[in-house]
Amino acid sequence: MEIWNRHFECMDRKGIKNVQSERLRETVEKVYFNVPYYRNRMQEAGLGPESIQTIDDIAKLPFTTKRDLRDNYPFGLFAVPMSEIVRVHASSGTTGKPTVVGYTRNDISTWSEVMARTLTSAGATRNDFIQVAYGYGLFTGGLGLHYGGEKIGASVIPISGGNTQRQIQLMHDFGSTVLACTPSYALFLAEAIQESGIKRDELKLRVGVFGAEPWTENMRREIEDKLSIKAIDIYGLSEVIGPGVASECPVQEGLHINEDHFYPEIIDPETLHVLPEGSTGELVFTTLTKEGLPLIRYRTRDLTKLTYDKCKCSRTMVRMEKCLGRSDDMLIIRGVNLFPSQVESVLLEMSEIKPHYLLIVDRVNNLDTLELKVEVDEAFFQDKISQLEMLRQKLQNNLENALGLGIKVTLVEPKIIERSEGKSKHVIDKRKF
Ligand code: DLL
C-alpha cells in the first residue's frame, strides 16, 4: 500500500503534536501582525502572540465563522498583499455575496501535496488516467483534483462536470481508471453507462474519489456494485483549502485528516465547548501552514466525530467519521452549496413576490431536484395568467443568475404556505441519503 508522505502521514502522535505546536505559533503570529481583524479579536480577549505556546493553547483563541468572512468581503482576512496571491476561488455565502478564498504560490503547493496524499491513499499512481468530472472554475473540486493528479504523475483528463455522453465516451476511449466527481453524479453516470450499451469490461475504471456532498454507506455499496470500482470518500471545504482536508484510505474506516496542515477540534455547536474524543459535534479547523487566508478555529458546521486510534493502514493521522449532517441549514444540491437565505435575498428584491416560500428537495434518477414554491403578492395575483408566467420566468432567471443553480419555480396564491409560530420551516428534504 503506497503512502505519499510517510514522514508526516505516519509520524508518532508526539511528533505530530510538536509540529502542530510550532506551526500554530507561526500562524498566530502571522495573523496577529497581518490581519487587523484577528489582532482586534485577540486583543479583545486579552491575548498576544506570546499567549500561544503549544497546540493546547488553541482553546484560548476566538472562533471564525462564514459570517466573519462575509463581513470582511472580499479580501479582508487575507494575510498577504494581493501581489502574493496567485489564485482565488469562491464558495456560497449565506446571502448575496460568495465567500472568497486566496492562495499564494506556497498554498497551491500545499494543496497539491495534500491532494497527492488523497489520491495515493485511494490507490492512484502515475500509471492512472484520472477523469476529473468535478466542476472547474471558482469551485475548488476541479482544480484541486487536477493539481493533485499531476503531482503524483498521473494523466489528468480535465473534462469538468456534466455532458454525460462525452464523459462516457472519453472514459471508454481514453481508458480512464480513476473517476473524480460527486457521489450522486457517479450513480447517475453508472446508470447512463448501463443504458449506453457499453459493457463493463470495455471500461478500465477501478477507483472513484467522491465527495463535496454527504453520502451514506448504502450509496457507497450501490456505486461500488454498479460501477465495479472501489469508492473512496474525500472531504474538504474551500475556506480551509478545498478537497484535500481529509480522505479515506483503503481500510475505509474513517477519513484521515491532514492534521500537519489543518488542526481539527470537535465542539458543541450550542455551548461552543470543546468535546472529548469520540463525541459527535461540529468540526472546527485551524490552518497551520496557509499563507493567503490562514483561518483560526473556523467553524465548518459539519457534524462528525474523531478517533485517534491507530489505523490498519499504518497512517497515524486522526480520522473523522463520514460527515452526514450539518449544524446549520446549508443544502448541497448537485454538489452546489445553497443556503435558504440566499434564495430569500433574491425574493426580497422582487416586489411582486412575498418572502413566504418553501424549498422542496428530492432526488430523481440519482439527480437532485429543487423546487421553490413562493407566494405572489395579493395585488399582482389578480393579474393575467400570461403575466404570472412572465413573473415566474423572471424569478427563475434571477435565481439561476444569483445561485448558479436551476430551480423549478411554482407560484402560489397568497397565504397558501403554512405559517409557523416559531422558526419558520423553509425546506423539505425528501432525499434518502
Ligand atoms: O465541496 C470541496 C470538495 C471538492 C470536497 C471536491 C471534496 C471533493 P465547498 O464547496 O466549500 O468545498 O463545500 C464544503 O461540502 O463543509 C461539507 O458540508 C460538504 N462536503 C464536502 N465533502 C464532503 C464529504 C468542497 N466527503 C462543504 N462528505 C463541507 C460530506 C462533504 N460532505
Side-chain angles (χ1 to χ4, degrees), residues 64-66 69-70 88-94 98-101 103 111 114-115 117-119 121-122 130-149 160-161 178-186 208-217 219-220 223 231-248 252 254-258 262 264 269 282-285 287 293 295 298-305 319-339 342 368 403-405 429 431 433:
T64 312
T65 61
K66 218 179 211 334
L69 285 166
R70 185 185 71 199
V88 289
H89 282 277
S91 74
S92 305
T94 45
T99 301
V100 185
V101 296
Y103 303 73
W111 194 12
V114 290
M115 281 311 301
R117 293 184 193 177
T118 292
L119 287 165
S121 85
I130 307 182
Q131 181 157 341
V132 182
Y134 284 112
Y136 279 64
L138 288 174
F139 176 55
T140 51
L143 284 167
L145 270 291
H146 186 106
Y147 275 59
S160 194
V178 179
L179 173 65
C181 62
T182 59
S184 50
Y185 190 61
V209 275
F210 304 131
E213 65 184 12
W215 53 307
T216 56
E217 286 301 332
M219 248 178 107
R220 189 207 305 271
I223 296 174
I232 293 287
D233 191 3
I234 68 171
Y235 167 89
L237 59 160
S238 325
E239 293 88 330
V240 171
I241 203 148
V245 175
S247 59
E248 280 181 335
Q252 294 180 308
L255 292 82
H256 291 279
I257 297 175
N258 285 306
F262 319 112
E282 182 184 326
L283 183 60
V284 169
F285 279 112
T287 64
L293 180 67
L295 286 179
Y298 183 72
R299 294 186 57 187
T300 65
R301 296 291 190 165
D302 290 316
L303 299 174
T304 184
K305 62 181 174 194
R319 278 170 292 157
M320 60 184 254
E321 193 177 63
K322 229 174 176 337
C323 260
L324 290 177
R326 290 185 54 91
S327 67
D328 65 3
D329 56 0
M330 187 182 92
L331 297 162
I332 307 185
I333 315 284
R334 282 174 251 133
V336 179
N337 301 351
L338 178 77
F339 290 93
Q342 286 175 277
D368 297 334
L403 313 174
L405 195 68
D429 197 338
R431 290 174 296 188
F433 281 118

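Remember, it's 1-based here, ligands and their atoms both numbered in the order they're listed.
Using a 4.5 Å heavy-atom threshold, the side chains of M115 and L145 count as touching. Residues S238 and H89 fail the side-chain proximity criterion, which asks for heavy atoms closer than 4.5 Å. In this structure, the side chains of V209 and L119 come closer than 4.5 Å at one or more pairs of heavy atoms.
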Open item on the list: Show, in sequence, the C-alpha distance, side-chain angles and deciding distance for E239 and S91, and conclude whether the side chain to side chain contact (heavy atoms under 4.5 Å, CB included) test is met.
Closed with: CA-CA 8 Å; E239 293 88 330; S91 74; 4.0 Å; yes
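Considering backbone and side-chain N/O of L255, none are found under 3.5 Å from N/O of ligand 1.
For ligand 1, the atoms closer than 4.0 angstrom to any heavy atom of F139 are 1 (O), 4 (C), 10 (O), 25 (C). Annotation for ligand 1: atoms under 4.0 Å from non-hydrogen atoms of S91 are 11 (O). Every atom of ligand 1 with a heavy atom of G141 under 4.0 Å away is listed here by number and element: 4 (C), 6 (C). Close contacts between ligand 1 and I234 involve ligand atoms 7 (C), 8 (C), 22 (N), 24 (C), 26 (N) [criterion: under 4.0 Å to a heavy atom].
Looking at I232, V245, T118, D302 and measuring to atom 29 (C) of ligand 1, the nearest heavy atom belongs to D302. Closest heavy-atom approach to atom 19 (C) of ligand 1 among the candidates I332, D233, L283, T140: I332. Of the candidates A246, G244, G325, G236, the one placing a heavy atom closest to atom 25 (C) of ligand 1 is G236.
When hydrogens are left out, the protein atom nearest atom 11 (O) of ligand 1 is S238 OG, 2.5 Å; that is the closest non-hydrogen contact. The single protein non-hydrogen atom nearest to atom 22 (N) of ligand 1 is A212 N, 3.0 Å, given as residue, atom name and distance. Among protein heavy atoms, the minimum distance from atom 28 (N) of ligand 1 is reached at E213 O, 3.3 Å.
Proximity of a side-chain donor or acceptor of Y103 to a complementary backbone N or O of I241 within less than 3.5 Å is detected.
The part of R326 lying near ligand 1 is the side chain, judged by heavy-atom distances below 4.0 Å. Counting heavy atoms under 4.0 Å from ligand 1, residue N337 touches it through the side chain alone.
Ring-centre distance between W111 and Y147: not below the 6.0 Å cut-off.
In this structure, OG1 in T300 is found 5.5 Å from CD in E282, a value given to the nearest 0.5 Å. If you take OG1 on T304 and CZ on R319, they are separated by 11.5 Å, rounding to the nearest 0.5 Å. Interatomic distance, CZ of R431 versus CG of L331, reported as 6.5 Å (0.5 Å rounding).
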